[in-house]
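By convention in this document, chain letters (A, B, ...) are assigned in the order of the sequence lines, proteins followed by strands, and residues within each chain are numbered from 1. Computed over heavy atoms, backbone and side chain alike; hydrogens, waters and symmetry mates excluded.
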Amino acid sequence: MSQDSPTAKDPAAKDEAANYKATLNLPATDFPMKADLVKSEPARLAKWKASNLYTRLMDKRRDAKPFILHDGPPFANGDIHIGHVVNKTLKDIVLRYKSMAGFKCPYVPGWDCHGLPIEHRIQEQIGPKWRDTPVADIRKQCFEYAQSYVEKQADQFQRVGVLGDWSNPYRTMAPAYEASTLEVFARIVERGLVYRQLKPVNWSIENQTALAEADLEYKDVVDTSVYVAFTAANPGALKARLDIRLRADVKFLIWTTTPWTLPANLAIAAGPDVDYALLHVEEEGNSTVLILASELVEKVLAKRPSASRTTNLLKTVKGRDLEGLEYAHPFIDRIGKVVLADYVTTTDGTGLVHTAPGHGDEDYQTGRRYGLDVYCPVLAHGRFDSTVPNWLTGLNVWQANPVIIDKLRETSSLFVDEKYPHSYPHDARSKKPTIYRATQQWFVSVDKSFVAHPQFDKPFSAGASSSDQEASIRARALKAIDNEITFHPDWGRARLRGMLESRPDWVLSRQRAWGLPMPIFYSADDRPLLDAGVIRAVSRHFARVGSDAWFNLTVDELLDGVALPDGFDRATLRKGTETFDVWFESGNSWFGVVEQRSDQLGHAPVDLYLEGSDQHRGWFQLSLLPSLAVNGHAPYRAVLTHGFIVKPDGTKVSKSDKEYVTAMQEVDRHGADLLRLYVASLDYQGDMPASPQLISAFGDKYRKIRNTIRYLLSNIDDFEASAPITIPAPSLDDWMLGELAALVRDVTGAYDAYKFHIAFKLLHDFCNVQISSVYGNAMKDRLYCESPGSPLRRRAQFVMHQCAVALMKLLAPMCVFTADEAWEHLKSKPPGEADLDCVHLAQLPAAPQHSSAHDATYAELMRLRDEALLQLDRLKKDVGLNKALDAEVVYHLPSASIEMFRSMGVDLEDIVGAGHHRIEASADQSSRVSVFDRRPDTPACARSWKRRPDVGSDPRYPDLSSRDAQAVALARNAGAA
RNA sequence: GCGCGUGUAGCUCAGUUGGUUAGAGCGCGUCCCUGAUAAGGACGAGGUCCGUGGUUCGAAUCCACGCACGCGCACCA
């Protein structure tokens, strides 16, 4: 029965063993294994709040170099969702890390408060009385609604652990912010970049107002569509160009579902690469050449069957061959042109698109390219004005449809008409169909050259660059993107550039109630008063009482003491009703927040904007434009973008999916730290898969890290970190310090590169491999069995203490709660940090000192370890050797390495948890190990369970090895004394 | 449709300037320990590197064409 451990032999031995157990230094710590984050996190938050953590941190870094991450404002509507958690967590990780790296990192969170979704919510609440409710009342309710969500979201963000100046966030609806938005507007006006022009918008005839897409609902209706032949205007030139030698009229065949827009027809659009047929048609004595897309010839002719018709394809041309050809309008004395447009398709119609720049967005864009008028003969109440023929003037567009069709028939322009079912936008409120109608809108030109630093105002930062030369916003933006801005990841550059290259002028004005009113007045004859001085006068009122002043004050009050430009009479001025595009408000936060709080935040450009990839077209771009217009430089030095949360299968989530992650619900279920760690573990450059299941499963990873820290803490419970300990090399301790040094280097490198998922992976693997599997396991014997103060044990504690401290600090930006909890349980703080009550006030760990001369020895040792473990596994299967402590490892080494290995002492057995080791000279130059079962021939120490030849060498303790006998004697003497 | 991305084990990720048999951790399976214990350890099985074609002595890596997915192309934010 010699295989059995002595503890099992008889009851007396068992008691003795229990006594020995009392002499061991077993792990001890108050740091709980079970996190219970849901309970502990709110308590910790309260503690941070009570101790003014944010303020203390700012104070501690008062003289440090600043690192400014300027917060992009979420919309103050609804509870935060997982996307918010991703964004704010990434920001918080950056700032906490930079702060630990020694920077001063003030963080002013903010909210975008104006906008349609809130207006809609209030509209719903008010119901049908909406139209009779004064704008001021609506705005008041919108304000309260937005404010309530600012407060709600602020609580939720803080619950997730985001540290910042929550007592003083920014809100785009705050008076001071509104005033600053107007100031930026004034400066852009001064640069001559703001102009007014007609642009088609969705229009409700019923309510006589512009509508946003969200105000629309699409319904299936059946309309009359018409195929109309437009006769070529200059047949001689046309035939010459297309090489037609027939005596026949040439006609362009177009198709439209809105005949009422034909009076505004100014052009026909052709696809540049579409094939067009020149089709000779003889029918009832008429000879014409019809032009339409080749692919659609059969389909279109079939719509008007005719027995007498003969057709002959003369030739086929590309759309681009038609560009510039002219035609006569069928019932208005006007010549139109053929233009080219990429959006022309051959799925419907004729491949030639009726183009009315006043009645469609694509038509408008095309019209601008070709310099066409934005002609819109339809008035606000939906009736034709007097610029159209008499027989149309005064008709509303719906009445006009049949009249126009009759007219087309009369002038032989109608090829055919047919009923056409399609989906058409309706005003969601009145349920009546809407129209596209051109209205006056305000624009910021992106192509007009200007001087960015003229005399009107002083540049913000000294040493302005070449930006005071003439250049357009677009030109400046492209240059800034290429030369001034760092993108994380780098492809953000291409994405922003693509958008800026093609973007049209910025439409600044909106016809909305819940927005910042545009400070523009109009004369009795509708001339706009756009003047920087006037804008600043209004701005002063807004700064005082907010933008409600626009509604509550009279023109006289608003303009009190302001000198008006010539041609404007205060008595007849009226206030405009437009509001700003909300993007103009958030897009000016570099001024409204950064410049306004420059004592805290310094000046633009700030170090970093960090938002989702959708913000390339949103906040990134629309912050860049006004900043360039005013300052001539970008508002940021670097831009970091992240992807979106998707389902585990990579497709997009919606609220009804079972994979939908409800942010605060997950926080309440698992705690914020788990969610934060989960976010950190994903590569945010792409899509980020998530589901409640994935997050739950991720708890394993959190627990592994937590438990590793707990193990370290429990083994250094009696350790005083004050004096440094010299670590001999080679040794496992020295190896561990080398691994830790690499970890510190690699993790900080990953943080610096904003690759948090790499930092997470490094930390997690380090816990699993270096600490749990290798070092922590190997140190058990000496930690538990050596006398508490033995050098071997203290050395291990010294190393473990450094590991624990480094892990806590490196983990702190991600797991803000857990790291601080662990820090609290660290009894002996590192030298110089004894007074730090919170890990977030600490600085990053320094890479520990270690010998770098033994890498080859360690690599060899680890290889031999693997080999020994395999042999142990084989012995387990072959002879039932279940405990490595029952085995002996024999190292067969070449003579050159024998001394080096011998100096590592018990490391050589502890590294595989064996009971004993020996070194033998190898016959050749190779190193290898053999493992032997020592149960048959070597007694096990009753205390350490190691099989050692020296068991019984101390007569007082016949069942102990000499090391354990000494330790017990020491412990009992100490106990006796 | 257009622009910008992404696609490597069940999961999350590494894979330098093309170069042995494509790696890690987790998870999973089997076993062990019971002095980290609602812990810990060992071993093991898992991959058409999205597809097709090309360049090359050699491709996860370079090129072309596809496919799938995401973001953007709006008076949504």
Side-chain angles (χ1 to χ4, degrees), chain A residues 20-21 24-29 33-34 73-77 112 114-118 120 199 201-202 210-215 342-343 345 361 441 489 491-499 501-503 507 509-512 515 579 581-583 586 612-619 641 643-644 646-652 678 681-683 685-689 694 697-698 700-701 703-704 707-708 710-715 757-758 760-762 764-769 772-773 776-777 780-781 783-785 869-870 872-874 876-877 880-885 912-913 943-945:
Chain A
Y20 289 143
K21 185 169 175 176
L24 295 173
N25 323 297
L26 292 180
T29 177
M33 182 181 286
K34 188 171 173 352
F75 192 55
N77 181 18
D112 199 358
H114 290 129
L116 192 62
I118 291 176
H120 266 293
K199 179 182 191 298
V201 296
N202 282 302
L211 298 174
E213 188 73 17
D215 293 315
D342 291 332
Y343 53 78
T345 65
D361 202 51
Q441 302 293 340
W491 49 257
R493 186 189 314 280
R495 186 158 177 183
L496 240 197
R497 189 198 288 117
M499 282 169 183
E501 279 168 351
S502 62
R503 72 149 297 138
V507 186
S509 48
R510 297 292 131 98
Q511 287 68 43
R512 289 276 127 205
T579 52
D581 175 8
V582 291
W583 285 112
S586 62
S613 68
D614 56 337
Q615 299 303 336
H616 283 103
R617 92 138 225 117
W619 196 55
T641 56
F644 284 72
V646 293
K647 285 191 274 187
D649 67 358
T651 59
K652 125 199 225 161
Y678 184 77
S681 77
L682 301 172
D683 181 359
Q685 295 195 12
D687 302 322
M688 309 166 80
L694 284 178
F698 193 78
D700 286 343
K701 307 226 178 0
R703 268 176 251 126
K704 180 68 196 189
N707 218 37
T708 303
R710 179 172 184 270
Y711 180 62
L712 293 173
L713 286 175
S714 69
N715 277 307
H757 68 289
I758 303 285
F760 161 77
K761 167 101 163 105
L762 288 165
H764 180 254
D765 288 4
F766 189 82
C767 288
N768 264 302
V769 181
S772 244
S773 173
N777 241 8
K780 281 180 179 178
D781 177 73
L783 286 165
Y784 300 172
C785 303
L869 288 174
L870 278 173
L872 276 167
D873 197 53
R874 210 168 304 136
K876 186 196 293 183
K877 280 168 189 149
L881 180 93
N882 288 328
K883 289 163 66 176
L885 288 168
V912 289
R943 183 166 175 271
S944 70
W945 302 338

- Base, sugar-phosphate alone, or nothing: which one does L496(A) contact when heavy atoms must sit under 4.0 Å apart? nothing
- Message: I want to verify the glycosidic state of G46(B); is it syn or anti under the 90° rule?
- Response: syn
- Could you please name the option among G27(B), C69(B), C75(B) that lies closest to any side-chain atom of D687(A)? C69(B)
- Does the base of A14(B) carry an N or O that pairs as donor and acceptor with the side chain of K761(A) under 3.5 Å? no
- Below 3.5 Å, does any donor atom in the side chain of W619(A) face an acceptor in the base of A77(B), or the other way round? no
- Message: If I pick the P atom on G41(B) and the same atom on U8(B), what distance separates them, to the nearest angstrom?
- Response: 29 Å
- Message: For a quick check of understanding: with a heavy-atom distance under 4.0 Å over all strands, which category does L872(A) fall into, base, sugar-phosphate or nothing?
- Response: nothing
- Proximity to the side chain of L870(A) - top-ranked nucleotide from C43(B), C13(B), A36(B): C43(B)
- Can you find a side chain N or O atom of K883(A) that sits less than 4.0 Å from OP1 or OP2 on C33(B)? no
- Message: Using the side-chain heavy atoms of K876(A), tell me which of these nucleotides is nearest: G25(B), C13(B), G41(B).
- Response: G41(B)
- Query: Heavy atoms under 4.0 Å, any strand shown: does K704(A) hit a base, just sugar-phosphate, or nothing?
  - Reply: sugar-phosphate
- Between S772(A) and G41(B), is there a side-chain N or O to OP1/OP2 distance below 4.0 Å? yes
- Contact class for G650(A) (heavy atom, under 4.0 Å): base, sugar-phosphate, or nothing? sugar-phosphate
- Message: Please report the distance, rounded to the nearest Å, between NE2 in H616(A) and C1' in C71(B).
- Response: 10 Å
- Message: Does S714(A) reach a base, just sugar-phosphate, or nothing at all? Heavy atoms under 4.0 Å.
- Response: nothing
- Under 4.0 angstrom, heavy atoms only, what part of the nucleic acid is V507(A) near: base, sugar-phosphate, or nothing? nothing
- Side chain of H764(A): nearest nucleotide among A38(B), C33(B), G25(B)? G25(B)
- Item | Phosphate-side-chain proximity, K701(A) and G25(B), N/O vs OP1/OP2 below 4.0 Å | no
- Query: Looking across every strand, which nucleic acid part, if any, lies under 4.0 Å from Y711(A) by heavy atom: base, sugar-phosphate, or nothing?
  - Reply: base
- Query: Among G35(B), A36(B), A77(B), which is the nearest nucleotide to the side chain of D614(A)?
  - Reply: A77(B)
- Message: Does P489(A) reach a base, just sugar-phosphate, or nothing at all? Heavy atoms under 4.0 Å.
- Response: nothing
- Message: Is the phosphate of C75(B) approached by N202(A) (side-chain N or O, under 4.0 Å from OP1 or OP2)?
- Response: no
- Task: Would you indicate, yes or no, if A36(B) has its OP1 or OP2 atom less than 4.0 angstrom from a side-chain nitrogen or oxygen of T29(A)?
- Result: no
- Message: With a cut-off of less than 4.0 Å, is there a side-chain N or O of R710(A) near OP1 or OP2 of U37(B)?
- Response: yes
- Note on the structure: Here the distance between atom C1' of A36(B) and atom OH of Y784(A), to the nearest Å, is 5 Å
- Item | Any N/O donor-acceptor pair, T708(A) side-chain to A36(B) base, under 3.5 Å | no
- State plainly whether the residues D700(A) and K704(A) are in salt-bridge range, i.e. N to O under 4.0 Å. no
- Query: Which is true for R497(A) with a 4.0 Å heavy-atom rule: it touches a base, it touches only sugar-phosphate, or it touches nothing?
  - Reply: nothing
- Message: With ring pair (Phe, Tyr, Trp, His ring centres under 6.0 Å) as the criterion, how do Y784(A) and Y20(A) come out once you've worked through the C-alpha distance, each side chain's angles and the decisive distance to 0.1 Å?
- Response: CA-CA 11 Å; Y784(A) 300 172; Y20(A) 289 143; over 10 Å; no
- Query: Taking atom P of G35(B) as reference, at what distance in whole Å does atom CG of N777(A) sit?
  - Reply: 14 Å
- Query: Parallel, tilted or perpendicular: which fits the ring planes of F698(A) and Y678(A), with parallel below 30° and perpendicular above 60°?
  - Reply: perpendicular
- The side chain of I758(A) lies closest to which of these nucleotides: G35(B), C13(B), C71(B)? C13(B)
- Message: Does the structure show W945(A) stacking with G35(B), if we require the centres to be closer than 5.5 Å and the planes to be within less than 30 degrees of parallel?
- Response: yes
- Base, sugar-phosphate alone, or nothing: which one does Q615(A) contact when heavy atoms must sit under 4.0 Å apart? nothing
- Which one, G70(B), A36(B), G25(B), comes nearest to the side chain of V769(A)? G25(B)
- Is T641(A) close to P489(A) at the side-chain level, that is, under 4.5 Å between some pair of heavy atoms? yes
- Base, sugar-phosphate, or nothing for G115(A), non-hydrogen atoms under 4.0 angstrom? sugar-phosphate
- Task: Using only heavy-atom distances, decide whether a donor-acceptor pair under 3.5 angstrom links the side-chain of R617(A) to the base of C71(B).
- Result: no
- Under 4.0 Å between a side-chain N/O of N707(A) and OP1 or OP2 of A39(B), yes or no? no
